[in-house]
Amino acid sequence: MIKLENVEKSYGDHKVLRGINLEIRRGEFISITGSSGCGKSTLLNLIGGMDIPEQGRVIIDGVNISAYTDENLTLFRRIKVGFIFQFFNLLPNITVFENISMPLLLNGAENDEKVRAYIQDMGLGGKENTYPYQLSGGEQQRVAIARALIHDPEIVLADEPTGSLDSETGTMIMDIIQRLIRETRKTVVLVTHEAHIAAYAQRIVRMKDGIIFA
Amino acid sequence: MKFLKLLRMLVIRNIREEKFLTFLSIIGIALGIGLFTGVKVASDRAITSFESEIRGINPHATYEIFDRSGTDFNEQIYRDIRFIAEDSLPVIKAFGYLPALHDTIDINGIYTLKAAQFLKLFQGNKELEGGLSYKNTDWETFYRTINGILVTKRFCEKQVLKKGDSLNALMYDREYALKIVDVLDAAALPTNTVIMDIGNFQEYFEKAGYLSRIDLATDQRTADEIRKNLPPHLGVEKKEELFRNRKALVMSFRYNLQFVSLIAILVGIFLLYNTVFITVVKRRSEIGILRSLGADRKTVILMFTIQGFILGLVGSLLGIILGQFAAYFSVIAVEKTISTLYSTITISDYLITKRDAIMALVLGMFVSLIASIVPSYEASKIRPHETSREGSFEGRYRRYQKSVSVAGILCILSGLIISYLDYRNTPFAFPLLAYIGILFIIGGFTLMSPFYLSLMLRFFERPAKYLFRSMGNITLGDMKGSTYRFSVALMSVAISSALIIALLILIFSLRGSLQAWINKNITADIYIKPASCRANYCFNPMSEEVVRIVESFPEVEGVDRFRGLHLDLHGKKVIAGFADIQVKRKYLSRMYADSEYEEILKEMEGDEQVAGISEYLSIQYGLKKNDTIEFKSPAGNVAFRINDVSSSYSTTSGFVYIDRKWLNRYWGLDDTTQISVYVSKDTALNQFIPRLKERLLPEYSLEIWNNRELRDKVMDIFNTSFAITYAIEFISIMVSLIGVITALLSLVIERKREISIIRYLGASWKQIRQTLMLSAGIIGITGIILGTFLGSLMSMILIRVVNKISFGWEIHFRIPLIILVTILIIVFLTTVFAGYLPSKVARKIDPRKFVSFE
């Protein structure tokens, strides 16, 4: 479903990705590990349509998205991708309900019932009208997960989803992610430093200095 | 050192980073300070001009002998005075208008030899360095040349003149040639002061035997002795007291203008507040870290206050420069207004002094302190853990929203009560309570604005969702969660709208009332007055020959001979107009039908001593219809029953209207200062007036207008007087609109991370622009609605209280609906455009920078 062919990316003089070749099947759950600055974030940006490579191609479902215009990339992200961030990145001045609704609203496909269902599923019942700053880290990340999945994207990109959480909460979050993915059969790319978190994936990809070496 | 480093990191860097926002804040402060300073300089110079006129050329004089009617008096009295007070200087003076140079000169005929002695020149008095000097002036030519004058060096530089040049001056009702005999390098003399020998003055201008005043350098005891020996029509008064009375005239004018420019500063405060506030919000996490590292609250407050100070300092410095430009234009407007509404003044100096500049700087600093203290204090309350709790600031505010709103309502009510107290009781000579009331009301509306916005958002929810669908949803949700931040932009729009509404209503109401006054009072076919007289009322008599010539025309049916005079009322000068009431009443109905007014005029025609007074006098002295008003006259005290109280827009010093038969009876005068002419109905004025001019103008310097021309002139003076107000309004509006742009722009800058997240979630730039412009549109509408309420309250107070107390003008409310709506639509569109600019800034955001993956 996702194919990277000879992808290269630099920021200024610094080459971040060198000749990346990677294939991810539909419904596969992979994790990418590597040291800081090895290019994991850049890879995620390219897959998620937030950036385009200087060389090579990023092909999603047979379509070369590297050739997309900004508008098409935006549309691609809106429909096909869900992001989960390390620091949650919820919108601070809107409620839990509104945060989760956001992707549906952007797609013009409001569905309050669906949002409520996700809230219940995430164990956030009763917190629809609270603001992110009133939630714990684990609760915020659950909101973020619900937001990432509410619009039924094909691809879920997760960056260190447990990086800001304690191990117990982290485990809980990964259990939720795993359950949801199993139920919905999404293609998941997860970036992590932690071996036990990486172990949740079906396949582990290791990166170093902009190259996939395992 | 540590503190300076912190300053550099957190404050200077931010100032440099947010260049556009910083620039707008500085401009906002600069415009407000510049306007305030310009108006202050103009009114200060007007006061100085009065002072100079009163002091004359003699800085030693402490008292002045004058005719209470403001006319020239017989010089015989000087013979007695000089024996009582040795240090006395007789002066005869008049203003002359120079049509070729568009300037006015103050000609002082003085007893030069006595002046030299009086001013102790021969003893080389150091105080008079740069004053009159006997050493270098060509005195022989000066005495021998009957029309010889001495002018100041500054006047020559201003008008590019030199010794030997001739000037043509309109004085009294003729044109006179004057010759510059010498130039005085006299820094102590006002620029436009001209000196003639008193004998030459009296002979040349046919004022033989007359004086305008006698200056005395004496003590209280001697002054009291002199007072006992003066006839009733002459008075002796301390120069200081005379100056204080004149100054009071300018003060009302000044307070009004300065109050309006204060509002411009208020908006500047908003701008600066917003800038500092945004810095605090942006640097929230850094502040939290600093606090966790041990920085105390004082350090945090100091840091952000200094940011405000720096912007305030730069804004003030720029404001001083702008203030200089504002002063130049303000001086022109103030000079024209006061000269028209009261008496001629010449203001030749409009330069900002060091003192003005320091005051502007201090004001700017003070304004910056006010603007930055609240956000600085908020910054100091940020706790370390708030670094990860974005939105907690709004959350904290939400907790206090109710109490803040209640405080706002109390402020509004207090403002209304305080203003009403002024209306009822007028405890001060100027409307201080009304000004305070307006500030309270603005403060109250500001405190209430977030609550008001929350309410209004509920109304907008359905239409926004219907019209803009998902983007409407997103925008409303975002705004509901950020009411405090959006309310700053809302108040900028509200104040801008309020100023537009208040000032436009004031101007149109005043214009309407003035029009009504014109219809009632300008009813003659032709008006004639000396060309040298620039004011509405003239005080130097016209030649009676002019009247005879006019009356000799067969087309002329009636001539209303008007005599303007200054009268003394409770130690202050008021203007009295003595008119041929019978003539006025006879022809009144040709242009103005008012049976009640006719009855009043009929009463004035009769044998009972009645007078009409202006509203100003009624308010100042608590006088009403049927009360008695008393004046000192040469024949003793004379009392008149008040049979009419009405607004007078022709003067700001109080006006009394009396039939001219009493002029002769009590003041011994039968001359004329200006005339109104009524012609037969079938007379073609466009043919008659040229014939009239042909007959009169070769010999006399007169201004001759038809009814239409005079009406237009009155409106023209009104427009000039309000030029400053228009300028203030325009600038205040600009500053407010800048406030909207900065508020919305700063929201974008502050929300870069949120915008980045939305981009990650798949929002297009078009959608982001839509949400920003929708926010701006909602802010525009809610701000305009709030501004309408605020502006209406302000206009009510300005009209009913401020103008009434300041000038005694009864103004009837008039709302220029079409103009108001048009301008408010422009404000709305500008607000929406203000949303477009930030969206261009948002376009430049690189979302990857703000959403870190690692």
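Reminder, nothing fancy here: chain letters follow the sequence lines and each chain counts from 1.
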Counting neighbours of CD on A:E71 that are heavy atoms of other residues, nucleotides or ligands and sit closer than 6.0 Å, is the number greater than 12? no
Please name the pair of heavy atoms, one in B:Y760 and one in A:M50, separated by the smallest distance, quoted to 0.1 Å. CE2-CG, 3.2 Å
Out of B:R759, B:R469, B:M479, B:K766, return the one with the most heavy atom pairs under 4.5 angstrom to chain A. B:R759
Enclosure of A:F76 CZ (heavy-atom neighbours >12, cutoff 6.0 Å): yes
Going from CD1 on A:I150 to CG on B:L761, what distance comes out if it is rounded to the nearest 0.5 angstrom? 12.5 Å
Any idea which heavy atoms bring A:L91 and B:I758 closest together, and the distance? CD1-CG1, 4.0 Å
Non-hydrogen contacts under 4.5 angstrom with chain B: give the residues of residues 109-117 of chain A involved, or none if there are none. A:E110
In sequence, state the C-alpha distance, the side-chain angles, and the governing distance for A:T74 and B:Q767, and then conclude on side chain to side chain contact (heavy atoms under 4.5 Å, CB included). CA-CA 11 Å; A:T74 305; B:Q767 285 175 315; 5.5 Å; no
Nearest atoms (heavy-atom pairs only) where B:I757 meets A:L90: CD1-O, 4.0 Å
Here the pair of heavy atoms bringing B:A763 nearest to A:L106 is CB-CD2, 3.6 Å
Within 6.0 angstrom of A:Y11 OH, more than 12 heavy atoms from elsewhere: yes
A:R203 atom CZ: more than 12 heavy-atom contacts under 6.0 Å: yes
